[in-house]
Amino acid sequence: AVGYACTSASSVIGSDIVEKMIKKGCNAAHVCNPMSSLIKACKYKKINDLLFLTPYVPHVSKILIEEVHSHGINTSVIGTFNEEREQNVARIKPGSIVQAVSELYFGQPAIFISCTNLQTLSIIEEIEKKFNCVCFSSNQVLIWDMLRLAKVGHSLKGFGKLLSDL
């Protein structure tokens, strides 16, 4: 399995095109990316509504949200850091992410924090405990999907409900 680890590019280019390009360059039985992995994780956890938080500018966020909607998943709350400069995304502090979720959350069954450059793995469980919901992040859903594709059945503690029940 090959994981293409860019959430926004996966949607902007298109998951199918990314998969074809990767398979053209290497022998991979499976190709996944954060968006395709999020869709699988939502189906696995029976999630049909998300609080959707991104660092992106609105036109990029819109593309991701349309992809989620095309799979029957609602995004009842959408938030963005509206960061235009890619190099600044990795500088968004985990505490700022938690604060943004706190300001936006009002009872959704799950939260998705988009972008593999965001520092999310250390705050997933904190968010899940604080809001009693499932919290997904781009890196986490990609890790989960790759582990499943590799048939690794070892649960990972400390990174949220999704990885704790592999």
Side-chain angles (χ1 to χ4, degrees), residues 3-12 15 32-58 60-83 88-150 152-166:
Y4 179 76
C6 185
T7 314
S8 58
S10 299
S11 288
V12 172
S15 291
C32 55
N33 66 66
M35 287 304 292
S36 65
S37 299
L38 171 65
I39 303 305
K40 291 177 196 173
C42 285
K43 289 179 182 178
Y44 176 76
K45 286 290 195 181
K46 297 179 174 59
I47 301 292
N48 62 5
D49 186 25
L50 296 169
L51 181 160
F52 203 93
L53 179 62
T54 82
Y56 317 119
V57 293
V60 174
S61 295
K62 183 177 185 271
I63 294 167
L64 276 74
I65 290 161
E66 287 171 353
E67 183 171 352
V68 169
H69 289 173
S70 76
H71 291 275
I73 301 164
N74 187 38
T75 52
S76 57
V77 175
I78 301 163
T80 180
F81 286 96
N82 199 25
E83 182 52 61
N88 291 338
V89 171
R91 294 184 180 119
I92 297 171
K93 301 290 182 206
S96 297
I97 298 167
V98 173
Q99 181 62 36
V101 169
S102 296
E103 291 173 11
L104 295 168
Y105 184 78
F106 72 90
Q108 294 76 18
I111 296 163
F112 177 59
I113 305 166
S114 182
C115 190
T116 54
N117 278 335
L118 285 177
Q119 302 171 51
T120 58
L121 288 177
S122 66
I123 57 172
I124 291 171
E125 283 202 339
E126 174 186 347
I127 290 170
E128 287 183 341
K129 288 175 185 170
K130 184 172 185 176
F131 300 107
N132 193 29
C133 68
V134 174
C135 182
F136 299 130
S137 78
S138 292
N139 289 315
Q140 178 217 41
V141 295
L142 185 60
I143 292 165
W144 170 80
D145 201 10
M146 297 218 38
L147 288 170
R148 289 183 56 230
L149 290 169
V152 174
H154 181 73
S155 296
L156 300 173
K157 303 295 181 201
F159 303 105
K161 295 173 183 175
L162 183 65
L163 289 175
S164 69
D165 67 355
L166 277 173

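Starting from 1, each residue takes its place in the sequence as its number. No experiment lies behind these values; they were computed from the predicted model shown.
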Kindly say whether Val77 contributes a backbone atom to a donor-acceptor pair with the side chain of Gln108 at under 3.5 angstrom? no
Decide whether Ser61 and Thr54 meet the rule of one side-chain donor and one side-chain acceptor closer than 3.5 Å. yes
Using every non-hydrogen atom in the two residues, find where Val89 and Leu118 come nearest and quote the distance to one decimal. O-CD2, 3.6 Å
Taking the ring centre of each residue, are Tyr44 and Trp144 less than 6.0 Å apart? yes
How long is the span from the CD1 atom in Ile65 to the CD1 atom in Ile78, to the nearest 0.5 Å? 3.5 Å
Full working for side-chain contact (heavy atoms from CB on, under 4.5 Å) between Phe106 and Leu51: CA-CA 9 Å; Phe106 72 90; Leu51 181 160; over 6 Å; no
Nearest heavy-atom contact between Ser155 and Ser164 is OG-O, 3.1 Å
For a quick test of reading the model, state the closest non-hydrogen atom pair linking Gln140 to Leu121 and the distance between them. CB-CD2, 4.1 Å
Sub-4.5 Å side-chain heavy-atom contact between Asn117 and Pro55: no
Which pair of heavy atoms, one from Val98 and one from Glu126, lies closest together, and at what distance? CG1-OE2, 3.7 Å
Verify the neighbour count for atom NZ of Lys46: are there more than 12 heavy atoms of other residues, nucleotides or ligands below 6.0 Å? no
All salt bridge (Lys or Arg N to Asp or Glu O under 4.0 Å) counterparts of Asp49, not counting sequence neighbours: none
Main chain of Ser138, side chain of Thr7: is a donor-acceptor contact present, judged purely on distance under 3.5 Å? no
Are the side chain of Thr80 and the backbone N or O of Tyr56 linked by a donor-acceptor pair below 3.5 Å? yes
Ignoring hydrogens and angles, tell me if any N or O in the side chain of Glu125 forms a donor-acceptor pair with the backbone of Ile123 under 3.5 Å. no
Whether Asn139 side chain and Thr116 backbone form a donor-acceptor pair below 3.5 Å: yes
Could you check if a side-chain atom of Asn74 sits within less than 4.5 angstrom of a side-chain atom of Asn48, using non-hydrogen atoms only? no
Atom pair CD1/CD1 of Ile73 and Ile47 - distance to nearest 0.5 Å: 9.0 Å
For residues 112-132, the ring-ring contact (aromatic ring centres under 6.0 Å, His included) pairs (sequence neighbours left out) are Phe52-Phe112, Tyr105-Phe131
How long is the straight-line distance from CG of Leu50 back to SG of Cys135, given to the nearest 0.5 Å? 10.0 Å
Counting only N and O atoms by type, is there a donor-acceptor contact under 3.5 Å from the side chain of Ser37 to the main-chain atoms of Pro34? no
For Lys45, give me all partners under salt bridge (Lys or Arg N to Asp or Glu O under 4.0 Å), at least two apart in sequence or on another chain. Asp165
Given Phe81 and Leu53, is the side-chain contact (heavy atoms from CB on, under 4.5 Å) satisfied, shown in steps? CA-CA 8 Å; Phe81 286 96; Leu53 179 62; 4.1 Å; yes
Ser11 OG to Lys62 NZ distance, which is reported to the nearest 0.5 Å: 12.5 Å
Roughly how far apart are Glu83 CD and Cys115 SG, rounded to 0.5 Å? 10.5 Å
Can you tell if the side chain of Glu67 reaches within under 4.5 Å of the side chain of Ser10, non-hydrogen atoms only? no
Least distance between heavy atoms, Ile39 atom then Val68 atom: CD1-CA, 4.1 Å
Inter-residue atom distance Cys42.SG - His71.NE2, 0.5 Å rounding: 10.5 Å
So does Val141 get a backbone contact from the side chain of Lys40, meaning a donor-acceptor N/O pair under 3.5 Å? no
Does the side-chain contact (heavy atoms from CB on, under 4.5 Å) test come out yes or no for Ile124 and Lys161, once each step is laid out? CA-CA 9 Å; Ile124 291 171; Lys161 295 173 183 175; over 6 Å; no
